[in-house]
Amino acid sequence: MGFLKSFFGAMAAAEISEKKREAQEQERETKASISNVDKILNYESSFIKWLWEINCKNPDYDELISDDQIENGYVSANDVWQAKYTIDEYKRKMKEFMCLGGNPFFVYDLRKLDLYIEIVRRLKEYGWLDKQEQYVKRAVSTLILDYDWQQEQKERHKYNVQISALLNTATNEIKEIIKSGDSQFVPYESHQDAIVIDIAKSKDETKDNFLEFLTVSLAFTDEYIIVYNGEHNEMYYKASVKWKDVDIEWTGVTFRDWSLVKINGLPLLFNTEKAKEVVSFYGSHNVRVAKSFSDQYNAAYENINSLTGVEFELVCKRLLENMGFEVETTKTTGDGGIDLIAYNHQPLLSGKYIIQCKRYTGSVGEPTIRDLYGVITSERANKGILMTSGTFTKQAQIFAQEKPIELIDGIKLRELLENYYYL
């Protein structure tokens with residue numbers, strides 16, 4: 001009996017010891033689980049604070065720890081690692097999103113960050129970062145964005161290519177579409193001495209009624225013709241007509257109180273009274289231009305040195321244009337000695353040409369030609385041309401040999417004027 005009593009007593013003691021050990025183990029696991037929960041909650045709290053700092057407020061994301069886990073009291077070290085990894089991935093992707101130009105304010109679901117990144121990458125490529133509210137906030141896929149971009153490209157093609165072709169841009173120096181933020185933008189409200197037409201329509205009957213519904217606003221002056229959109233906050237075209245003939249044609253086509261007029265190849269339909277005013281205005285403009293060219297030519301032919309420096313430069317510009325060049329006048333300062341920049345688009349001759357105009361009674365020396373050569377090199381031009389009313393020194397002529405430089409003296413310039421000035 002004593003043996004049995006002792007045996008069962010030992011068994012009971014062992015059972016008690018095991019239960020005590022299990023209780024202690026459970027207590028340790030509970031403490032570890034509580035500690036792990038605290039770690040996860042601290043990670044989450046710090047992450048939410050960071051989101052608010054970058055202006056991303058209350059986005060949806062996968063739960064880092066479930067209520068069942070907390071209730072059952074079992075959150076492992078692996079759960080902590082997984083939660084931290086998830087948060088770090090969210091932060092990494094958010095930073096990538098922001099580096100691309102993404103605005104965290106429009107991020108409503110962190111689980112879609114990969115999609116947001118791809119959308120912002122496309123928006124940046126298309127120049128549409130200002131449209132994030134439209135595409136990021138309501139993100140489902142990139143398909144709608146690509147479709148809208150393709151449609152936008154078609155619209156841009158219509159204005160940049162088809163209308164440009166209609167306006168014969170190479171001849172009339174029509175500029176590209178100019179946004180209101182561009183320094184070349186001329187506010188619609190600034191036209192005080194211009195003939196301004198609020199509503200006009202452009203229609204090209206040769207293109208199956210293309211542009212039939214394009215409504216534009218117009219401003220006409222002695223210096224330029226500007227075509228605005230209907231809201232006046234964008235310029236479709238700015239054509240320089242200073243010292244140039246304006247090709248204007250009264251078509252005779254009228255509809256009620258509207259008339260169709262072609263200006264530099266652009267058919268425009270607007271109020272008949274305004275149309276008459278514009279036709280009359282540019283008729284007088286063309287007379288003034290013709291007289292100016294006639295006066296300049298006569299002065300240049302009889303005594304070219306009687307011209308001012310600006311007048312001599314205009315004569316050279318007109319001459320080059322009649323020879324087939326597209327010519328730009330540079331600013332009067334900071335141009336590195338360049339007076340004109342000419343472009344030739346003919347095969348074998350195409351490229352950029354640097355022009356200097358020197359109204360001299362004496363000779364142009366080597367230092368001037370040397371400076372021109374430096375500008376040709378820095379501008380990567382095809383060739384430099386120095387046009388003068390005088391002559392060139394022997395040293396200047398020797399320096400120009402076997403270099404992309406052409407020297408035009410007063411005698412050669414007079415020959416060119418005879419052959420090309422009145423084309």
Side-chain angles (χ1 to χ4, degrees), residues 173 183-184 223 240 242-244 289 292-346 348-423:
E173 289 188 3
S183 60
Q184 289 184 284
E223 295 187 6
S240 172
K242 188 175 183 180
W243 306 114
K244 291 184 178 181
V289 169
S292 174
F293 283 140
S294 176
D295 291 346
Q296 289 171 9
Y297 176 80
N298 291 334
Y301 193 80
E302 292 172 9
N303 182 8
I304 201 164
N305 286 312
S306 66
L307 300 176
T308 65
V310 173
E311 289 172 339
F312 179 73
E313 187 177 307
L314 285 172
V315 166
C316 294
K317 182 174 184 289
R318 168 82 170 191
L319 174 62
L320 289 165
E321 286 173 337
N322 286 350
M323 294 175 72
F325 289 89
E326 181 182 332
V327 187
E328 294 179 0
T329 304
T330 65
K331 295 179 181 178
T332 54
T333 59
D335 56 16
I338 305 172
D339 296 312
L340 304 170
I341 300 176
Y343 299 91
N344 195 313
H345 303 292
Q346 299 177 47
L348 304 179
L349 300 174
S350 63
K352 179 179 181 180
Y353 295 77
I354 302 300
I355 316 295
Q356 273 193 313
C357 308
K358 299 292 184 185
R359 185 188 60 80
Y360 279 6
T361 54
S363 298
V364 179
E366 179 191 342
T368 302
I369 310 303
R370 191 178 292 276
D371 290 344
L372 174 61
Y373 184 58
V375 175
I376 295 166
T377 304
S378 64
E379 292 287 325
R380 298 183 179 180
N382 292 39
K383 189 177 184 179
I385 302 172
L386 200 149
M387 308 173 78
T388 181
S389 55
T391 59
F392 296 97
T393 65
K394 187 69 174 177
Q395 291 83 356
Q397 295 177 50
I398 292 172
F399 181 83
Q401 289 175 1
E402 299 182 2
K403 294 183 179 66
I405 298 175
E406 184 168 352
L407 304 180
I408 297 177
D409 61 17
I411 295 174
K412 191 171 183 180
L413 180 60
R414 184 166 179 166
E415 292 175 359
L416 292 172
L417 288 172
E418 289 177 348
N419 292 327
Y420 292 100
Y421 196 77
Y422 263 124
L423 284 182

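We number each residue from 1, following the sequence as shown.
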message: Given 3.5 Å as the limit, does a donor-acceptor pair link the side chain of Asp409 with the main chain of Gly390, or not?
response: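 Flag not set: sc Asp409 to bb Gly390 has no pair under 3.5 Å.
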Which distance, rounded to the nearest 0.5 Å, do you find between the [atom1] of [X] and the [atom2] of [Y]?
X: Asn344; Y: Lys352; atom1: CG; atom2: NZ; answer: 14.5 Å
X: Leu314; Y: Thr329; atom1: CG; atom2: OG1; answer: 7.0 Å
X: Arg370; Y: Gln395; atom1: CZ; atom2: CD; answer: 11.0 Å
X: Glu313; Y: Gln356; atom1: CD; atom2: CD; answer: 10.5 Å
X: Cys357; Y: Ile385; atom1: SG; atom2: CD1; answer: 10.0 Å
X: Leu372; Y: Thr377; atom1: CG; atom2: OG1; answer: 9.0 Å

query: Is there side-chain contact between Lys403 and Ile376, with heavy atoms separated by less than 4.5 Å?
result: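 The answer is no; the side chains never approach within 4.5 Å.
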field: pair Met387-Leu340: side-chain heavy atoms closer than 4.5 Å
entry: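 Not touching, per the 4.5 Å side-chain cut-off.
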Considering all heavy atoms, the nearest [X]-[Y] contact:
X: Ile354; Y: Ala381; value: CG1-CB, 3.6 Å
X: Ser389; Y: Tyr360; value: OG-O, 2.8 Å
X: Thr308; Y: Arg359; value: C-NE, 3.8 Å
X: Phe325; Y: Ala342; value: CD2-CB, 3.7 Å
X: Val364; Y: Lys358; value: CG2-CB, 4.4 Å

task: Just jot down the side-chain contact (heavy atoms from CB on, under 4.5 Å) partners of Thr361, sequence neighbours excluded, or say none.
output: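 Thr361: side-chain contact (heavy atoms from CB on, under 4.5 Å) contacts with Asn305.
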- request: Tell me, please, which residues at least two apart from Thr391 pass side-chain contact (heavy atoms from CB on, under 4.5 Å).
  value: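 Partners of Thr391 under the side-chain contact (heavy atoms from CB on, under 4.5 Å) test: Ser363.
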query: Under the side-chain contact (heavy atoms from CB on, under 4.5 Å) criterion, do Leu413 and Leu319 qualify, and how do the steps go?
result: CA-CA 9 Å; Leu413 180 60; Leu319 174 62; 3.7 Å; yes
message: Apply side-chain contact (heavy atoms from CB on, under 4.5 Å) to residues Asp371 and Val375 and explain how you reach the verdict.
response: CA-CA 6 Å; Asp371 290 344; Val375 175; 5.7 Å; no
task: Give the C-alpha distance, both sets of side-chain angles, the deciding distance and a yes or no for side-chain contact (heavy atoms from CB on, under 4.5 Å) between Ile355 and Asp339.
output: CA-CA 6 Å; Ile355 316 295; Asp339 296 312; 5.8 Å; no
task: Would you please test Phe392 and Ile369 for side-chain contact (heavy atoms from CB on, under 4.5 Å) and show each step?
output: CA-CA 10 Å; Phe392 296 97; Ile369 310 303; 4.2 Å; yes
field: Glu321 and Lys317 ion-paired at < 4.0 Å
entry: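 The answer is yes: the pair qualifies as a salt bridge.
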